[in-house]
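In what follows, a structure is listed as structure tokens, so that the remarks can point back to it.
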Amino acid sequence: MNTFNKSMIAALVIGATSMSAQASSWENESKDAWIDGKAETVLLMNTNLNNFDINTDVTNGKVVLTGKVDSELDKELAEELVLSLDGVSSVDNKLTVVKNMKAKHMKSDKADSAESDLTDAKISTVITTRYLFNSEVGGTDIDVDTDNGVVTLKGTVESDAEKQLAVSIAENAEDVRKVIDELTIVAE
């Protein structure tokens, strides 16, 4: 009888361990699916990228980007957008840059201007996305304008702390040279 009890206990422990491992695996797969959905959405919402040419695959919080983009800037933008999402531990950017034939025929000053415009668009998009995914900042109430790396924030926030966080997020974005704070605090 004593051997029977030990066998039952051993079977229960093994069964519980197996169920725990399955629950953990299911939980990780759910988190990865959630991250994948957010990554696809943030790429879809971005008007500077042709998101139909970008694929995402998520394993344990690591996102792998594959597909085609028009420029190095688009490649960096896609990576930055996905990296800014909660739950993403890293991004393996395997996007392939396919040069646009029209870009080869542009004059260099026009190319520099276009690149500057794309960089400004990237900055604005990254900051706006970070606001939208940060529960402490009312991202829909803040307008982000960028010109040659100078970011101007306009709109309303509910507190000084929210204002400071919004400015800090903008200052910490890549390629930002300066942030002009025109935010107004409106207590609700």
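- When each of V69, L73, D74 is paired with V97, the side-chain contact (heavy atoms from CB on, under 4.5 Å) condition holds for V69 and for no other.
- The CG atom of D145 lies 9.0 Å from the CD atom of E182; values are rounded to the nearest 0.5 Å.
- A salt bridge links D92 with K94: the distance from a Lys NZ or Arg NE/NH1/NH2 to an Asp or Glu carboxylate oxygen falls below 4.0 Å.
- Side-chain N or O atoms of D141 include none that pairs as donor or acceptor with a backbone N or O of G155 at under 3.5 Å.
- Side-chain contact between K178 and I180 is present, with at least one heavy-atom pair separated by less than 4.5 Å.
- Considering only heavy atoms from C-beta on, I127 comes within 4.5 Å of V176 through its side chain.
- Between T129 and V126, every side-chain heavy-atom pair lies at or beyond the 4.5 Å cut-off.
- One distance of note links CG of L43 with CG of L85; it measures 8.0 Å at 0.5 Å rounding.
- For the pair D36/D57, no side-chain contact is recorded, criterion being any heavy-atom separation below 4.5 Å from C-beta on.
- From N148, atom CG reaches atom CD1 of I123 across 9.5 Å, with rounding to the nearest 0.5 Å.
- Looking at K154 and L183, their side chains never come closer than 4.5 Å, going by heavy atoms from C-beta outward.
- With rounding to the nearest 0.5 angstrom, the OG atom of S89 is 7.0 Å from the CD1 atom of I35.
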**Request:** Dump the intermediate steps for side chain to side chain contact (heavy atoms under 4.5 Å, CB included) on K38 and V88, then the final yes or no.
**Result:** CA-CA 10 Å; K38 286 193 329 184; V88 174; over 6 Å; no
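- How far CD of E79 is from CD of E174: 9.0 Å, rounded to the nearest 0.5 Å.
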**Message:** side chain to side chain contact (heavy atoms under 4.5 Å, CB included) for T56 and L65? Distances and angles first, verdict last.
**Reply:** CA-CA 5 Å; T56 60; L65 298 175; 3.5 Å; yes
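- Taken from OG1 in T152 to CG in D181, the straight-line distance is 10.0 Å, to the nearest 0.5 Å.
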**Request:** Please lay out, stage by stage, how D160 and I185 fare under the test side chain to side chain contact (heavy atoms under 4.5 Å, CB included).
**Result:** CA-CA 7 Å; D160 189 50; I185 298 172; 4.0 Å; yes
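- When side chains are defined from C-beta on, K75 counts as touching N93, because their heavy atoms get closer than 4.5 Å.
- In the hydrophobic clustering of this structure, V64 does not group with V91; members are Ile, Leu, Val, Met, Phe, Trp, Tyr whose side-chain heavy atoms approach within less than 4.5 Å, directly or through other members.
- Using a cutoff of 4.0 Å between basic side-chain nitrogens and carboxylate oxygens, K122 and E80 are not scored as salt-bridged.
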**Message:** If you apply the rule side chain to side chain contact (heavy atoms under 4.5 Å, CB included), what do you find for I169 with N134, and how did you get there?
**Reply:** CA-CA 10 Å; I169 289 171; N134 188 315; 3.7 Å; yes
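- Looking only at side-chain heavy atoms (C-beta outward), V144 and Y131 come within less than 4.5 Å of each other.
- With E162 contributing its side chain and E158 its backbone, the two residues share a donor-acceptor pair below 3.5 Å.
- Nearest heavy atoms, L153 versus A170: CD1-CB, 4.1 Å.
- Nearest heavy atom pair, residue A78 against residue I54, reads CB-CD1, 4.2 Å.
- Side chain to side chain, D175 and T119 fail the donor-acceptor criterion of an N or O pair below 3.5 Å.
- Side chain of R130 to backbone of S84: no donor-acceptor contact under 3.5 angstrom is found.
- When only modelled atom types and interatomic distance are considered, S124 and T146 share a side-chain donor-acceptor pair under 3.5 Å.
- Between L81 and T125 there is a side-chain heavy-atom pair separated by less than 4.5 Å.
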